[in-house]
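What follows is one structure encoded as structure tokens, with my remarks underneath.
What you see is a predicted model; the values in this text were computed from it and never measured. Note that the numbering runs from 1 along the sequence shown for the chain.
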Amino acid sequence: MWIRRIAMLLFLLGGAAAHEVRAQAQEHEIKAAFIYNFISFTEWPGKTGATIDICTIGNDPLNIPLDALQNKSAKGAIIAVRHLRSGDEMKDCHVVFISDSERINFPDILTRLKSASALTVTDSEGLAAQGVMIELGLEERRIVFKINMNAAKQARLVIKSKLLRLAKVVY
């Protein structure tokens, strides 16, 4: 009798773990969709060219859903997704997603991006206040975001007011 109860408990726990994995995968897909939509609400200085380059720095589960954006169209251009290491050149990136795995390299990454007009995005808590332009977060099972307008202005980017109104916090 107790063996059946333990087996049932393990089965239920396994089901809960599988549900958690599905929920996390869905969260990352939604965050990738947010990043895709941020492109529509951002204006870069000059022309963006034939491609809009989304670059990721670091290892993150969000990299896989971002790969699904490869070759999609946005703002009349084709999206190209590139995965970089923290020391790689980022000057051609329009959007740079900085993974939490790069938190230790964060100051160096932002310093290297100072002269670039790249929209910086992260899902690492607290980094919008430190200079990342958009910080994605999860509150009560909903995706929310914060925008650092000062950082966007320094990069010569214009973030449209429609996006600003949707942000939880604007610095």
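Closest of all the heavy-atom pairs between Trp44 and Ile39 is CZ3-O, 3.8 Å. Of all the heavy atoms in Gly49 and Ala77, the pair that sits closest is O-CB, 3.6 Å. Nearest approach of Val95 to Ile35, heavy atoms of both residues: CG1-CG2, 4.1 Å. Heavy atoms only, all atoms of each residue included: Ala118 and Val96 are closest at CB-CG2, 4.0 Å.
A donor-acceptor pair is defined here as one N or O able to donate and one able to accept, closer than 3.5 Å; such a pair exists between the side chain of Asp88 and the backbone of Arg85. Between the Glu89 side chain and the Lys91 main chain, a donor and an acceptor come within less than 3.5 Å of each other. At distances below 3.5 Å, not a single donor-acceptor pair connects side-chain atoms of Thr51 with backbone N or O atoms of Ile79. Side-chain atoms of Asn37 come within 3.5 Å of backbone N or O of Ala33 as a donor-acceptor pair. One N or O on the side chain of Glu135 and one on the backbone of Leu127 form a donor-acceptor pair closer than 3.5 Å.
Under the rule for a side-chain contact (heavy atoms from CB on, under 4.5 Å), the partners of Lys160 that lie at least two apart in sequence or sit in another chain are Phe41, Glu43. Legend: residues meeting ring pair (Phe, Tyr, Trp, His ring centres under 6.0 Å) with Phe106, ordered by chain and number and at least two apart, are absent. Applying the side-chain contact (heavy atoms from CB on, under 4.5 Å) test to Ile78 and every residue at least two apart in sequence or in another chain returns Asn71.
Looking at Met90 and Ile109, their side chains come closer than 4.5 Å, going by heavy atoms from C-beta outward. Between Ile52 and Lys75 there is a side-chain heavy-atom pair separated by less than 4.5 Å. Residues Ile54 and His94 are not in side-chain contact: their nearest non-hydrogen atoms beyond the backbone lie 4.5 Å or more apart. Thr56 has its side chain out of reach of Arg82: every pair of non-hydrogen atoms, C-beta onward, lies at least 4.5 Å apart. Between Ile57 and Phe97, every side-chain heavy-atom pair lies at or beyond the 4.5 Å cut-off. For the pair Leu136/Val121, a side-chain contact is recorded, criterion being any heavy-atom separation below 4.5 Å from C-beta on.
Interatomic distance, Ile143 CD1 to Glu29 CD, rounded to the nearest 0.5 Å: 11.5 Å. The CG atom of Leu113 lies 8.0 Å from the OG atom of Ser115; values are rounded to the nearest 0.5 Å.
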If you look only at distance, which donor and acceptor atoms sit under 3.5 Å apart when one is on a side chain in residues 162-171 and the other is two or more places apart or in another chain?
{"unit_1": "Lys168", "atom_1": "NZ", "unit_2": "Glu139", "atom_2": "OE1", "d": "3.2"}
{"unit_1": "Lys168", "atom_1": "NZ", "unit_2": "Glu139", "atom_2": "OE2", "d": "2.3"}

Could you give the side-chain donor-acceptor pairs of residues 147-158 under 3.5 Å, partners two or more places apart or in another chain?
{"unit_1": "Asn148", "atom_1": "OD1", "unit_2": "Asn150", "atom_2": "N", "d": "3.2"}
{"unit_1": "Asn148", "atom_1": "OD1", "unit_2": "Ala151", "atom_2": "N", "d": "2.9"}
{"unit_1": "Asn148", "atom_1": "ND2", "unit_2": "Ala128", "atom_2": "O", "d": "2.7"}
{"unit_1": "Arg156", "atom_1": "NH2", "unit_2": "Ser117", "atom_2": "OG", "d": "2.9"}

Which side-chain N or O atoms in residues 58-66 pair as donor and acceptor under 3.5 Å with protein atoms at least two apart or in another chain?
{"unit_1": "Asp60", "atom_1": "OD1", "unit_2": "Leu62", "atom_2": "N", "d": "2.8"}
{"unit_1": "Asp60", "atom_1": "OD2", "unit_2": "Ser99", "atom_2": "OG", "d": "3.2"}
{"unit_1": "Asn63", "atom_1": "ND2", "unit_2": "Gly58", "atom_2": "O", "d": "3.1"}

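Both Ile98 and Leu84 are assigned to one and the same hydrophobic cluster, defined by single-linkage of ILVMFWY side chains at heavy-atom distances under 4.5 Å.
No side-chain donor-acceptor contact under 3.5 Å links His28 and Asp123. No side-chain donor-acceptor contact under 3.5 Å links Asp67 and Gln70.
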